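Side-chain atoms are counted along with the backbone in the values below, which use heavy atoms only and exclude waters and symmetry mates. Residues take their numbers from the sequence shown, with the count starting at 1. Source: prediction; values computed, not measured.
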Amino acid sequence: MKKILFALISGLIMIASVAAADYYIGSPGLESTYLKIVAEEITPEPVEPGQDITVKVRLHNYGDKLAEDVDVQLKAEYPFHLKSESEDFTGLDNMCSGCSRESTYYLTVDGDAVSGVYKLEFEISEDDGASKKTQEISVNVVGKPDIIFETEGSFDMIKPGEEFTAKLDFVNTGTGIARNVKIIPSSSNFIKLGSGLIIVEEIRPGGKEELEIDFNVADSVTPNSYNIPILITYIDEQGNSYNMSENLGVKVINEASLSIQNLKIQPSYPGLDDTVEFQIRVENVGEGDAENVKVKLGSEGFEGTMLSYLGKIESDDDQPAIFLLKPRKKGDNPVSIEISYDDDTGSHVLNDNFSVSVHNGNGTSYILIALIVLVGGGAAYLWLGRKRK
């Protein structure tokens, strides 16, 4: 029992000795030094990224023993950059009990720093570095948010009366947190479907919010390039309000639609000796203009100029393409039609075909022979009738 009691007492003595030693090394009293950095003033507080900041500190010996060979160094790490100091705390030699020294540090906060609490670290040593400790001072850095949006894809194939979806990334390129972000598209020609207001609770620096916004294009919108104003409002960490407007660029187009209104062939039953006129009337029934319109014929049964350039055909308009061709062989001759044109949506080609029957002689001669036969037959009939009477 005595042995157990002795062991307990010995253990308590050892613990007390260790605690006393720790108190002696880094705490005031008990014939020790106790150096401490006290922040007296931080201006401004909080500080914004890119701003200068002044930190006034006091080094005090709270112990009851002389501190020898004192050296204090400020480790200004990111986002702080030390510009200058009013007094150099390196190599202070000795500091008596209760003595103080003051110094003011002039620093700059990095412009890319994001909001947060950062530490200024002081390394305090004495006795030529035999005893060292670090102490930190907290600095609150509050940045300014800056919200922009980026688009995914292009919006250059939009038609009146249609709906389209804009995929937008709202990015915080600033250094502060943006809160209560409100996104309000504002256009009478491009109406946002659903609620006219989008709310994002928070976008942190470097963060983004991906949104899909559905629009309906008014029927009255004419082909052109437009900007859709998008209003963005938000507040920062201090409750300051921000309002900005950015434009979403879109291009409204109209599509042409060509077709063959009618086809005329003169003569309709040509002979090998005839010159045949093909008249192909092309109409545009679309909403947009057709540019660079060309009509091309193809046939082994005819020869001549097979290409007609019509140029521009406006909406609800038509133009004729006229070809004068010579037959090359008799019988049914297939003829192909190719109509090519450009509009706001790109290049297009239409194809059609028809057939023309060509006989072996002059068409006019056959008609004359037929007329002669008819006239002669009629005259003979009348003559025979009179003779009988």
Side-chain angles (χ1 to χ4, degrees), residues 151-168 185 187-193 213-230 247-266 275-326 333-356:
T151 62
E152 294 184 15
S154 58
F155 307 99
D156 55 1
M157 298 289 287
I158 300 170
K159 300 176 184 177
E162 291 189 347
E163 296 178 6
F164 72 96
T165 299
K167 294 182 178 181
L168 306 178
S187 173
S188 58
N189 290 324
F190 303 87
I191 309 301
K192 180 186 176 302
L193 300 180
I213 304 177
D214 297 323
F215 291 94
N216 182 68
V217 186
D219 292 328
S220 59
V221 176
T222 58
N224 209 336
S225 295
Y226 294 89
N227 284 322
I228 303 175
I230 297 181
N247 293 321
L248 172 64
V250 298
K251 183 179 180 181
V252 177
I253 62 172
N254 271 331
E255 187 175 10
S257 180
L258 298 189
S259 63
I260 298 175
Q261 187 185 65
N262 58 54
L263 169 65
K264 292 182 179 179
I265 303 172
Q266 293 292 339
T275 297
V276 185
E277 179 183 287
F278 296 86
Q279 185 180 113
I280 302 171
R281 185 164 291 275
V282 181
E283 66 175 344
N284 182 3
V285 296
E287 298 294 332
D289 296 339
E291 304 279 353
N292 196 30
V293 181
K294 299 175 184 176
V295 181
K296 182 180 179 181
L297 299 185
S299 178
E300 294 182 357
F302 293 90
E303 60 183 2
T305 302
M306 297 283 192
L307 179 65
S308 176
Y309 180 75
L310 301 183
K312 180 178 180 180
I313 302 179
E314 296 181 351
S315 176
D316 294 328
D317 198 2
D318 60 75
Q319 288 190 39
I322 298 175
F323 303 87
L324 297 176
L325 306 178
K326 295 287 292 184
N333 292 308
V335 181
S336 64
I337 305 175
E338 179 184 281
I339 303 174
S340 61
Y341 65 97
D342 300 325
D343 63 8
D344 290 339
T345 65
S347 298
H348 309 273
V349 176
L350 301 176
N351 291 284
D352 204 343
N353 57 77
F354 60 93
S355 182
V356 179

With [X], which residues qualify under side-chain hydrogen bond (donor to acceptor under 3.5 Å, both in side chains), at least two apart?
X: D214; value: T165
X: S220; value: none
X: K159; value: E255

Exercise. Could you walk me through whether N189 and V217 pass side-chain contact (heavy atoms from CB on, under 4.5 Å), step by step?
Key: CA-CA 6 Å; N189 290 324; V217 186; over 6 Å; no
pair [X]-[Y]: side-chain heavy atoms closer than 4.5 Å:
X: E163; Y: L193; result: yes
X: P160; Y: V252; result: yes
X: L324; Y: V276; result: no

[X] [atom1] to [Y] [atom2] distance, which is reported to the nearest 0.5 Å:
X: K251; Y: S225; atom1: NZ; atom2: OG; result: 6.0 Å
X: E287; Y: D219; atom1: CD; atom2: CG; result: 9.5 Å
X: I337; Y: N353; atom1: CD1; atom2: CG; result: 8.0 Å
X: I313; Y: N284; atom1: CD1; atom2: CG; result: 6.5 Å
X: F190; Y: N227; atom1: CZ; atom2: CG; result: 9.5 Å
X: E291; Y: L310; atom1: CD; atom2: CG; result: 12.5 Å

Kindly give the heavy-atom pair with the smallest separation between [X] and [Y], and that separation in Å.
X: L248; Y: A166; answer: CD2-CB, 3.9 Å
X: Y341; Y: A290; answer: CD1-CB, 3.9 Å
X: S187; Y: I228; answer: CB-CG2, 4.1 Å
X: F354; Y: V356; answer: CE1-CG2, 3.6 Å

Distance-only criterion, 3.5 Å: show the donor-acceptor pairs between side-chain atoms of residues 342-351 and protein atoms not counting sequence neighbours.
residue, atom, partner, partner atom, Å
D342, OD1, S347, OG, 2.7
D343, OD1, T345, N, 2.9
D343, OD1, T345, OG1, 2.7
D343, OD1, G346, N, 3.2
D343, OD1, H348, NE2, 2.8
D343, OD2, A256, N, 3.0
D343, OD2, T345, OG1, 3.4
D343, OD2, H348, NE2, 3.4
D344, OD2, N254, N, 3.2
T345, OG1, H348, NE2, 2.9

Exercise answer: donor-acceptor pairs, residues 293-308 side-chain atoms, under 3.5 Å, sequence neighbours excluded:
residue, atom, partner, partner atom, Å
S299, OG, G301, N, 3.1
S299, OG, P334, O, 2.9

Quiz item: Just wondering, are more than 12 heavy atoms of other shown residues or ligands nearer than 6.0 Å to NZ in K326?
Solution: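 Counting other residues, nucleotides and ligands, NZ of K326 exceeds 12 neighbours.
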Please set out all donor-acceptor pairs under 3.5 angstrom arising from side-chain atoms of residues 314-323, sequence neighbours excluded.
residue, atom, partner, partner atom, Å
S315, OG, G286, O, 2.5
D318, OD1, R281, NH1, 2.6
Q319, NE2, K312, O, 2.7

Quiz item: Should F164 and F215 be marked as a ring-ring contact (aromatic ring centres under 6.0 Å, His included) after you check the CA-CA gap, both sets of side-chain angles, and the distance that decides it?
Solution: CA-CA 5 Å; F164 72 96; F215 291 94; 5.3 Å; yes
